[in-house]
There are 2 protein chains.
Amino acid sequence: MSKHNIRLKDIAKELGLSVPSVSRALNNKPDISESTKKKVFELAEKLHYQRNEFAVNFKNQQSFIIGVIIPQIVHHFFSNVINGIITEAEKAGYGIMLYQSNESYQSELRGVQTFQRSMIDGLIISLSDSTTNVDHLRSLQNHNVPVVMIDKVSNALETAKIICDDFKGAFEATEHLVQIGKTKIAHITGSLEPHTTKERYRGYKAALKQHNLELKDQFIKKCNLVSQDDGFNATLELMKQHDKPNAIFCATDPAAIGAIKALKKLNIKIPEDVAVMGFSDWNMSSVIDPPLSSVIQPDQEMGKKAVQLIINEIELSKQNKPVQYKTHVMETSLILRESTLGNKNE
Amino acid sequence: MSKHNIRLKDIAKELGLSVPSVSRALNNKPDISESTKKKVFELAEKLHYQRNEFAVNFKNQQSFIIGVIIPQIVHHFFSNVINGIITEAEKAGYGIMLYQSNESYQSELRGVQTFQRSMIDGLIISLSDSTTNVDHLRSLQNHNVPVVMIDKVSNALETAKIICDDFKGAFEATEHLVQIGKTKIAHITGSLEPHTTKERYRGYKAALKQHNLELKDQFIKKCNLVSQDDGFNATLELMKQHDKPNAIFCATDPAAIGAIKALKKLNIKIPEDVAVMGFSDWNMSSVIDPPLSSVIQPDQEMGKKAVQLIINEIELSKQNKPVQYKTHVMETSLILRESTLGNKNE
DNA sequence: GTGAAAGCGCTAACAC
DNA sequence: GTGTTAGCGCTTTCAC
């Protein structure tokens, strides 16, 4: 109910001290006597003194806030990235401001502007699919706000980048399909705009080549969002063809789930007739019947790494030291379930 | 690369004006001539002037940041709530700081402290299951930071509250099971600690009573987390009994998915032998086979409403006007799928 | 319409 | 060890 928050001045007046002395005491500075320190602490406690962080932030020109822009929160991969970011940031005493671009460049731009207003110390961003211009990020950098890109990155800007090895993940996924005896492997992919989808496509092609399998145009289905509906429709088309695949590697889990639904509708056995492989391991993937094999991305670890990098840059920037930008590639791993292995209990 | 951000002083010096005049011009104050206003705007533009928000926030003692604490981001309901919060906050020019408690009171406490450091203008919180003491929130209120509670609320604190009508949702869900001809309806519930679970249990009981169905102890399964595993095990136990239910209403969707998996393992037909109903409509619920009937909560709307309420309180608080705390109850609705309706195509 | 002066709360630099 | 002075960048009040 204390309408008026108490200030150092109030404590100083009550104890007959000067304001700086009270400040020194509360900040545990060396040049202050133990006795006054004790007095100050006790009174501060009693009055429920709370530092006015507006003043401190203003003085230091630092907010201890990291901005985070991602395309969609309601997305298994990104919620986990955010999870990792928050966990790691808290350890270092930083807070997280969150914004979602909804895959819109305009929205991403507004996010950056909102953040500038809040004077974030650094930005972690996963670009929207529609972002081609990165001037908004360059502007942040010019104002000494470090930027770290994660997952969906751009080469148009020099920053630290964190990606996972989409190429290798896709390669291994495709190779797994070969190893279970599949030779006619289709791929459902996206618009190839984001770097990630393109890399998965590259990995798929490389694995086919490695195992001397022909790359057939009619086995490649490009769709827009790589959503469940896209996967469903693409699979129906694939199975309508004369030359049918006996395995489908999908660039996303939702598409793979659509594929499974389509195959079930057509009464095609999974994985005996057609095996299905996804990418990203959404939590719904273990729920579908049959459970979906997929490629696990180190989502939380990517978030944590991003925080470590950005805090490092913030520190260096404060000291006017130069920063070296690296691209960090994180390893994926396969999670194998019944959509490729079959049910061993039956 | 302008190491040194430019200030009003710089513009003033260059134009031979005083600092306050430049300030007036940039803020479109009335008592400034059009000609100087124009000159100032042009130079500001040219120099890429950006207001130092640290100074402004300090002066106004306002951050335009709303803190949000929720138990878990990686949770369909909460990601959607956050989605609504961010969307609505952006409209009003507010940013969102996010923290997750992981259902831990200690963690929730740290979140509040982190937020105090960042001088949030208001807090939207969904309490952790383990929170019984609300002094940390009361402390915020005492420092003039409005608090709005959402979904998981406490009566120990006077604030605006947003909940959805869990009682009615559960009532209607249970009634739907009656309407499809089920008379022996089991309920899988939680520790009854959070208000929400308790209300769902109440709704279940009320619907049974309304339809003159007996409430049997052996049809009530209490579990800890109401997770998929919990639902799976509880269902196995239910179906092991002599007196078996022919419908199961689960307090959460994950539990319902566990229930479906258990029933399928036992080769029990859904919904002919046992119908299954969930609560919350997770995105995986439409993916499972058979697709799960559930209760839809207006998650995004709840988030938006929370932002409207908190901003209103922030405004009133600035003007030292009193706030009236209300509890807003939002309506749920049923989404009916094959786990209760059966497959009409077969 | 414009400038001079003051102050938001805190801390660093300088005296003594 | 402690007090005095000054300043972070901006806006508001009061002169003229």
Side-chain angles (χ1 to χ4, degrees), chain A residues 2-41 43-44 47-64 116-119 121 143-145 318-319, chain B residues 2-41 43-44 47-64 116-119 121 143-145 318-319:
Chain A
S2 52
K3 184 91 292 159
H4 190 59
N5 283 337
I6 53 156
R7 300 147 301 175
L8 292 188
K9 194 200 269 184
D10 302 316
I11 297 180
K13 193 185 284 176
E14 183 132 354
L15 293 177
L17 286 166
S18 72
V19 170
S21 289
V22 177
S23 168
R24 283 188 273 253
L26 288 172
N27 289 311
N28 268 312
K29 297 282 170 174
D31 52 353
I32 190 87
S33 79
E34 280 304 323
S35 64
T36 54
K37 197 186 279 188
K38 185 153 172 285
K39 276 194 300 184
V40 169
F41 264 101
L43 185 57
L47 298 177
H48 298 109
Y49 170 76
Q50 283 207 251
R51 213 161 67 138
N52 185 320
E53 304 286 344
F54 282 122
V56 179
N57 290 349
F58 171 50
K59 188 113 223 302
N60 301 334
Q61 294 288 307
Q62 182 170 12
S63 62
F64 286 96
Q116 259 168 344
R117 173 177 211 181
S118 302
M119 292 276 129
D121 289 344
H143 285 272
N144 280 312
V145 178
K318 267 199 299 191
Q319 302 161 38
Chain B
S2 54
K3 184 94 288 160
H4 190 60
N5 285 336
I6 54 156
R7 301 148 299 173
L8 293 188
K9 194 199 274 185
D10 303 317
I11 298 181
K13 193 183 285 175
E14 183 132 355
L15 293 177
L17 286 166
S18 72
V19 171
S21 289
V22 177
S23 168
R24 282 188 274 254
L26 287 171
N27 289 310
N28 268 314
K29 297 281 170 176
D31 50 354
I32 190 88
S33 80
E34 280 303 323
S35 64
T36 54
K37 196 186 279 188
K38 184 154 171 285
K39 276 192 300 183
V40 169
F41 265 101
L43 185 57
L47 299 177
H48 298 109
Y49 171 74
Q50 281 206 253
R51 212 161 66 138
N52 185 319
E53 303 286 344
F54 282 123
V56 180
N57 291 350
F58 172 51
K59 189 108 224 304
N60 300 335
Q61 294 288 308
Q62 183 170 9
S63 61
F64 286 96
Q116 260 168 344
R117 173 178 210 180
S118 303
M119 292 276 130
D121 288 345
H143 285 271
N144 281 314
V145 178
K318 266 199 298 194
Q319 303 161 38

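Side chains included, hydrogens not; waters and symmetry mates left out as well; all remaining heavy atoms used. Model, not experiment: these values are computed from the prediction. The sequence lines fix the lettering, A, B, ..., with proteins before strands; numbering per chain opens at 1.
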Original post:
Are any non-hydrogen side-chain atoms of A:I6 and A:H48 less than 4.5 angstrom apart?
Top reply: no
Original post:
Between D:dG3 and A:S21, is there an OP1 or OP2 to side-chain N/O distance shorter than 4.0 Å?
Top reply: yes
Original post:
Given the rule in the side-chain contact (heavy atoms from CB on, under 4.5 Å) test, do B:V22 and B:E14 qualify, once you have shown the distances and angles that lead to the verdict?
Top reply: CA-CA 11 Å; B:V22 177; B:E14 183 132 355; over 6 Å; no
Original post:
If you check every side-chain atom of A:L17, which of D:dG3, D:dT4, C:dC8 has the closest atom?
Top reply: D:dG3
**OP:** Identify which nucleotide among C:dG9, D:dT11, C:dT2 has an atom closest to any side-chain atom of B:I32, counting heavy atoms from C-beta outward.
**Re:** C:dT2
**OP:** Applying side chain to side chain contact (heavy atoms under 4.5 Å, CB included), name anything that partners B:K318, two or more places apart in sequence or on another chain.
**Re:** B:Q62, B:E315
Strictly under 3.5 Å: I want the nitrogen or oxygen pairs between protein and nucleotides 14-16 of chain C, one per line.
none

**OP:** Check whether any side-chain nitrogen or oxygen of A:K29 sits under 4.0 Å from OP1 or OP2 of C:dA12, and answer yes or no.
**Re:** yes
Subject >> Position toward the 5' end of DNA chain C (nearest nucleotide), B:Q61 or B:V19 >> reply: B:V19
Original post:
Which whole-number value in Å describes the distance from B:L15 CG to C:dT2 P?
Top reply: 12 Å
Original post:
Between C:dG9 and A:Y49, is there an OP1 or OP2 to side-chain N/O distance shorter than 4.0 Å?
Top reply: no
**OP:** Kindly give the heavy-atom pair with the smallest separation between A:V19 and A:K9, and that separation in Å.
**Re:** CG2-CA, 3.9 Å
Original post:
So, do B:F54 and A:S63 sit near enough that their side-chain heavy atoms are less than 4.5 Å apart?
Top reply: yes
Subject >> Between C1' of D:dT11 and CD of B:E53, the distance in whole Å >> reply: 13 Å
Original post:
Quick one: are B:L17 and B:R24 in side-chain contact, heavy atoms under 4.5 Å?
Top reply: no
Subject >> Residue pair B:V145 / B:M119, side-chain heavy-atom distance below 4.5 Å >> reply: no
Subject >> Sugar-phosphate only, base, or nothing, as touched by A:K37 at under 4.0 Å among non-hydrogen atoms >> reply: nothing
Original post:
Is any side-chain N or O of A:S33 closer than 4.0 Å to OP1 or OP2 of D:dG1?
Top reply: no
Subject >> All ring-ring contact (aromatic ring centres under 6.0 Å, His included) counterparts of B:F58, not counting sequence neighbours >> reply: A:F58
**OP:** Figure out the CG/C1' separation between B:N28 and D:dT11, and round it to whole Å.
**Re:** 15 Å
**OP:** Round to a whole Å and report the spacing from NZ of A:K9 to C1' of C:dC10.
**Re:** 12 Å
Subject >> Sugar-phosphate, base or nothing in reach of B:N60, heavy atoms under 4.0 Å >> reply: nothing
**OP:** Could you check how far CG of A:D10 sits from P of C:dC10, rounded to whole Å?
**Re:** 9 Å
Original post:
Nearest-Å distance, CD (B:Q62) to C1' (C:dC8)?
Top reply: 15 Å
**OP:** Using atom CG of B:L8 as one end and atom C1' of C:dG3 as the other, report the distance to the nearest whole Å.
**Re:** 15 Å
Original post:
Can you tell me if the side-chain N/O atoms of A:S23 get under 4.0 Å from OP1 or OP2 in C:dT11?
Top reply: yes
**OP:** Using the test side chain to side chain contact (heavy atoms under 4.5 Å, CB included), find all partners of A:K39 that sit at least two apart in sequence or belong to another chain.
**Re:** A:L15, A:T36
Subject >> Check: A:L26 and A:L8 side chains under 4.5 Å, non-hydrogen atoms >> reply: yes
Subject >> Closest nucleotide among C:dA4, D:dG9, D:dG7 to the B:P20 side chain >> reply: C:dA4
Original post:
Looking only at side-chain N and O atoms, does B:T36 come under 4.0 Å of OP1 or OP2 in C:dG1?
Top reply: no
Original post:
Quick one: side chain to side chain donor-acceptor pair (under 3.5 Å) partners of A:D31, sequence neighbours excluded?
Top reply: none
Subject >> Nucleotide nearest A:R7 (side chain, heavy atoms from C-beta), chosen from C:dT2, D:dC10, C:dC10 >> reply: C:dC10
**OP:** Find which nucleotide of DNA chain D each of A:S35 and B:N27 is nearest to by heavy atoms, and output the residue with the more 5' nucleotide.
**Re:** A:S35
Original post:
Atom NZ of A:K39 and atom P of D:dG1: how far apart are they, to the nearest Å?
Top reply: 14 Å
Original post:
Axis-to-axis angle across the helix from C:dG1-D:dC16 to C:dC16-D:dG1, five pairs an end, to 10 degrees?
Top reply: 50°
